[in-house]
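Structure first, commentary second.
Each chain gets a letter, A, B and so on, in the order its sequence line appears, and its residues count up from 1.
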Amino acid sequence: MPFTLATWNINSVRLRENIVAQLLRDEMPDVLCLQECKSPVEKIPTEQFRALGYNHMVARGQKGYNGVAILSKIPMVEAGAVDYAALGHARHVAGKLENGVTIHNFYVPAGGDVPDREVNEKFGQKLDYLMEMRDAFHGDMPQKSILVGDLNIAPREDDVWDHKKLLKVVSHTPVEVEALGETQDAGGWIDVTRADIPDGRLYSWWSYRAKDWDAADKGRRLDHIWATPDIANAAHGSRILRAARGWEQPSDHAPVFATFDI
DNA sequence: ATGGTAGATCGTCTA
């Protein structure tokens, strides 16, 4: 049974309830992972999502900041969450679908403005978070698993609009790219999006601050879909729904999709 | 080098 999964940093699920519903109606992914819900779990507007067939949700939330949720048409048989780096933030939730696939949904800390942990505590927290992710999946290699989310790092030169200009900009610094690579390697994760679309520039985020985000196209690929090797070769149809960045009152992120023939 | 926009919440933090 093939299933399609999408991941989207929604930047307030309550403000953007209607465009979440639009995505569910138009694209009908079996599973939608959301980040930056900025809502306590009990205030996530699940009613409209249920009406569209998304009867299952696992989520972690907090007031005003962070927050992650997995909406699914497929029942989930297990759920869990880990507070990596002990920040007390709602940045991870996991669910196991009844087809046996485990999904990890992450919102990695953005890391502040200055890429130096000596002067910017947030940057240190970001690196610590990634190292705890790495250690969590090291050794006991995960199987039949998918890791998605806003990882807040664009690792490749063609994941950003200008590699040289961004080398000292948080999200594309060598130390972050190295940390993300270690996390990926420790779990044996395959970057499904780039396995599927190996060539060319690919972005999932465009700043609100640009005068004309579409024309300027100063994007970064911050949102990722990874899978373990046992199911990564079943993935296809990867895409980023750039059009959603132009919807009314949009998120600054576009949804990323992959389909798995499992 | 700076400032630009957006959301939660209502002064200020976070991105």
May I have the distance from A:K165 (atom NZ) to B:dA1 (atom C1'), rounded to whole angstrom?
15 Å
If I take atom CD in residue A:E121 and atom C1' in nucleotide B:dC13, what distance separates them, rounded to the nearest angstrom?
14 Å
Check against side chain to side chain donor-acceptor pair (under 3.5 Å), A:N152 and A:K126:
CA-CA 9 Å; A:N152 263 315; A:K126 181 178 196 174; 5.3 Å; no
Return the value, rounded to whole Å, for the distance between atom CG of A:D252 and atom P of B:dA6.
10 Å
Does OP1 or OP2 of B:dT14 have a side-chain N or O of A:R91 closer than 4.0 Å?
no
To the nearest angstrom, how far is A:Q62 atom CD from B:dC13 atom P?
17 Å
For DNA chain B, determine which residues of residues 8-17 of chain A have any heavy atom closer than 4.0 angstrom to one of its atoms, and list them numerically.
A:N11, A:S12, A:L15, A:R16
Taking only side-chain N and O atoms of A:Q249, does any of them lie within less than 4.0 angstrom of OP1 or OP2 on B:dG7?
yes
Below 30° counts as parallel, above 60° as perpendicular, anything between as tilted: where do the rings of A:W189 and A:F137 land?
perpendicular
What is the separation between atom CD on A:E36 and atom C1' on B:dA6, rounded to the nearest whole Å?
10 Å
Counting only side-chain nitrogens and oxygens, does A:K63 get under 4.0 Å of the OP1 or OP2 atom of B:dA8?
no
NZ or CZ of A:R220 within 45° of A:Y203 ring axis and under 6.0 Å
no
Around atom CD of A:Q48, are there more than 12 heavy atoms of other residues, nucleotides or ligands at under 6.0 Å?
yes
Enumerate the residue pairs fulfilling ring-ring contact (aromatic ring centres under 6.0 Å, His included) with a member in residues 75-94 of chain A, sequence neighbours excluded, ordered by first and then second residue.
A:Y84-A:H92, A:Y84-A:F106, A:Y84-A:Y129, A:H92-A:H104, A:H92-A:F106
d(NZ, A:K43; P, B:dG7) in whole Å:
18 Å
Name the residue closer to the 5' end of DNA chain B, choosing between A:H253 and A:K38 according to the nucleotide with the nearest heavy atom.
A:K38
Could you measure between the two P atoms, the one in B:dT2 and the one in B:dA6, and give it in whole Å?
23 Å
A:P250 or A:N66: which one's nearest nucleotide on DNA chain B is closer to the 5' end?
A:P250
Going by an N to O cut-off under 4.0 Å, is there a salt bridge joining A:D128 and A:R117?
yes
Can you check the A:L151 CG to B:dA15 C1' distance for me, whole Å?
16 Å
Which residue is it: A:D252, A:D217, A:D214? I am looking for the one with a side-chain hydrogen bond (donor to acceptor under 3.5 Å, both in side chains) to A:W206.
A:D217
For nucleotides B:dA1 and B:dT12, find the distance between their C1' atoms and express it as a whole number of Å.
24 Å
In whole angstrom, what separates A:K168's NZ from B:dT2's P?
16 Å
